[in-house]
Protein chains: 2
Amino acid sequence: MASSTVIAVDAMGGDEGLSVMLEGVARARRRFDEMRFILVGDEAAIRDGLKTHPNLTAASEIVHAAGVVASDDKPSQAIRRARTTSMGVAIEQVKQGRAGACVSSGNTGALMAMAKLSLRTMPGIDRPALAALMPSLGETDTVMLDLGANTECDTRNLVQFAVMGAAYARTALDLDRPRVALLNIGTEDQKGTDSIRDAAAQLRAASHLPLSFEGFIEGDRLSRGVIDVIVCDGFSGNIALKTAEGTARFVADLLKRAFSSSIRSKLGFLISLPATRLLRDHLDPNNHNGAVFLGLNGLVLKSHGKANALGVENAIAVAAKAVRDDLSRRIAEDLSNFEAKAA
Amino acid sequence: MASSTVIAVDAMGGDEGLSVMLEGVARARRRFDEMRFILVGDEAAIRDGLKTHPNLTAASEIVHAAGVVASDDKPSQAIRRARTTSMGVAIEQVKQGRAGACVSSGNTGALMAMAKLSLRTMPGIDRPALAALMPSLGETDTVMLDLGANTECDTRNLVQFAVMGAAYARTALDLDRPRVALLNIGTEDQKGTDSIRDAAAQLRAASHLPLSFEGFIEGDRLSRGVIDVIVCDGFSGNIALKTAEGTARFVADLLKRAFSSSIRSKLGFLISLPATRLLRDHLDPNNHNGAVFLGLNGLVLKSHGKANALGVENAIAVAAKAVRDDLSRRIAEDLSNFEAKAA
């Protein structure tokens, strides 16, 4: 299976530009010897950029696409010119079986719309969801979905996200029976919207699934490591994820201020530098980059628009693991198992 | 105006019990010489608890109420026995003009329902909103609303929250023209739900209001100090607030881990202790306690269920400032000004 080790990369997407994308892919190439890449975008620019990455050149094929999706393009506009853009052509490599997965740092809404149109959703799935791994105090990361692909979600969407998220946690985190909870504004049964309460009732009843449904979780416990899969609509998920990012940076900024407030604290800072570096690494979003669209007939990964080369490398690593684990097949199995019992 | 310096306290609400509430009120009493209190709850228990607070005893009146609202009571249950509970009777003190504001650490949903039923909303207001002050990197705190009182909100609710939140920022933060933004999952015009987009259009048009509407803000910028009033529905607001709380604690826990990872880093920690203590104080939710229900004919404040004595003291301080600033009147003025121009 040649396609199993090939990753298609939207070389033009993202805020940091082509050179950061190529640097990231080159890092991934050094980390995974056997991997091959299809670099999609402006051929001349990519060829030029590859001059400083001879090692990557040998492992890459360039597929030309003249157009680029801008970060403020509406998804509806973007899909009309999908076939001419680096994003659309990168997704097409997955559809044609030429690549096992595709990675883009571009516009999330456009990526979702194009991927859905090109690859179609799995049988029974209304909407794909964007799932990411978040740092936690537990032994593994935490899967969270949806993270912005679907602004409003009904009960059926939330239940499907739970099943798909659990399948993802089983492969990505090697858990037999992930603990799943719905994000809510309280843990009591009557809290939240009708959709959330009804989704909880359905998940509670679905005891044959390879997951343990734990009810509701509130925002203050997301990173405690007590739940493996956190399920929510894309609006709340985006708010929670970005608020967590912003708060981590806020605390780090306050810490910097505190450390530079006196000579004594500066000294303490210098002495604890190795420890605070560990902390910084743990919280760096680039170390948790690579969100997967779940529920499509093919693997598409979203890398953060502001990801640096390390971030791009990590997104490619997540893509490679998903290909190796045959994530799409495992999700399809869990879904059909769920639907069969529910019917 | 005797009522302007009197605060009614639901002495029985909250997870930490009567003694913490009384300790908090006693602290407030020491901080504000002229303040008087109506302590509502089980008379014998309060009288007993006051034995260790002779200073508070002199400044307090006890009003007996046998019932307590539990943290898991449904609002609909709670309001049926409002008149017999410490929460309901504390609110009643405001309605009767015996107190300028009421403070409770009890069940938020019940507090909202009882306050609305007893005090009624201001003319034209469909729903009151819960507003809190959050720490930021800016020169002042940031007002955020709604924080859980209203799970789902329409355009009109969001616009009213913006007007009320700005009025609150003008008094609480002494700002002439607060910068107001709607919490959203992107800053581009097409992002978010219909309600959010329509609310943005209405606020953009309302240039006669004493606020500067700045469009949308994403979760990662809530604490940057670039916006003074962040407006959202109660579901998103609760998720954002609790995620911020949880992430701050998460980072602090990681920092603790990092500092204790080696003898060297432990030494660094000890040296920087005064600096990290400043940070801890800045982030302690007890230092930002006291959320106000805006849009009612009377002041009701929610103290965090887990607030300690310092937190209760701060909630009472926020209540006292709102009474002194005549917050309800200023909000009513801004609302009627807004409605007059919009009509």
Side-chain angles (χ1 to χ4, degrees), chain A residues 71-72 74 109 135-137 148 151-152 183 185-186 188 190-193 218-224 232 234-236 238-255 257-262 264-265 267-279 282-283, chain B residues 72 74 109 135-137 148 151-152 183 185-186 188 190-193 218-224 232 234-236 238-255 257-262 264-279 282-283:
Chain A
S71 64
D72 57 352
K74 287 189 195 175
S136 89
L137 288 175
T151 308
E152 285 163 291
L183 180 61
I185 58 173
E188 302 86 357
Q190 84 274 13
K191 286 289 168 80
T193 60
E218 292 185 79
D220 56 348
R221 284 164 59 82
L222 298 184
S223 46
R224 303 314 288 175
C232 54
F235 193 93
S236 316
N238 180 294
I239 299 291
L241 181 75
K242 289 197 172 149
T243 301
E245 268 179 40
T247 307
R249 204 167 59 236
F250 172 58
V251 177
D253 288 350
L254 288 178
L255 198 64
R257 249 190 220 179
F259 274 133
S260 52
S261 62
S262 72
R264 174 177 169 168
S265 56
L267 177 68
F269 173 71
L270 285 175
I271 292 173
S272 12
L273 206 55
T276 50
R277 276 209 185 118
L278 272 180
L279 173 70
H282 194 101
L283 291 176
Chain B
D72 57 352
K74 289 190 191 172
S136 89
L137 289 175
T151 308
E152 286 164 291
L183 180 61
I185 59 173
E188 302 86 359
Q190 83 274 13
K191 285 290 167 81
T193 60
E218 293 186 77
D220 56 348
R221 286 164 58 80
L222 298 184
S223 47
R224 303 314 288 175
C232 54
F235 193 93
S236 315
N238 181 293
I239 299 290
L241 181 75
K242 289 199 173 149
T243 301
E245 268 180 39
T247 307
R249 205 168 57 236
F250 172 58
V251 176
D253 288 349
L254 289 177
L255 198 64
R257 250 190 219 176
F259 274 134
S260 52
S261 61
S262 72
R264 174 178 168 168
S265 56
K266 275 181 196 158
L267 177 67
F269 174 72
L270 284 175
I271 292 173
S272 10
L273 205 55
T276 49
R277 278 211 183 116
L278 273 180
L279 173 70
H282 194 102
L283 291 175

S.K.: At a heavy-atom distance under 4.5 Å, which candidate from A/Lys191, A/Glu188, A/Arg224 has the highest pair count against chain B?
M.R.: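 Maximum pair count with chain B is reached by A/Arg224.
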S.K.: Please classify the contact of A/Leu222 with chain B as side chain, backbone, both or neither, using a heavy-atom distance under 4.5 Å.
M.R.: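 For A/Leu222, the side chain is the part near chain B, not the backbone.
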S.K.: I need the residue from B/Ser136, B/Gly186, B/Ala252, B/Cys232 with the largest number of non-hydrogen atom pairs under 4.5 Å to chain A.
M.R.: B/Ser136
S.K.: Can you name the closest pair of heavy atoms from B/Gly246 and A/Ser223 and give their distance?
M.R.: O-OG, 4.1 Å
S.K.: Can you tell me if CZ on A/Arg249 sees more than 12 non-hydrogen neighbours from other groups inside 6.0 Å?
M.R.: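 Yes, enclosed.
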S.K.: Counting heavy-atom pairs closer than 4.5 Å to chain B, which one of A/Gly109, A/Ala240, A/Ser236 comes out on top?
M.R.: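 Highest number of heavy-atom pairs under 4.5 Å: A/Ala240.
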S.K.: Output all residues satisfying salt bridge (Lys or Arg N to Asp or Glu O under 4.0 Å) with B/Glu218, sequence neighbours left out; order by chain, then residue number.
M.R.: A/Lys242
S.K.: Only counting residues at least two apart or in another chain, list the ones meeting salt bridge (Lys or Arg N to Asp or Glu O under 4.0 Å) with A/Glu152.
M.R.: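 Salt bridge (Lys or Arg N to Asp or Glu O under 4.0 Å) list for A/Glu152, sorted by chain: empty.
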S.K.: For chain B, which of A/Leu241, A/Asp253, A/Leu137, A/Asp72 has the most heavy-atom pairs under 4.5 Å?
M.R.: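 Of the options given, most contacts go to A/Leu137.
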S.K.: Please tell me if the side chains of A/Thr243 and B/Thr247 come closer than 4.5 Å, counting only heavy atoms from C-beta onward.
M.R.: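 No; the side chains remain at least 4.5 Å from each other.
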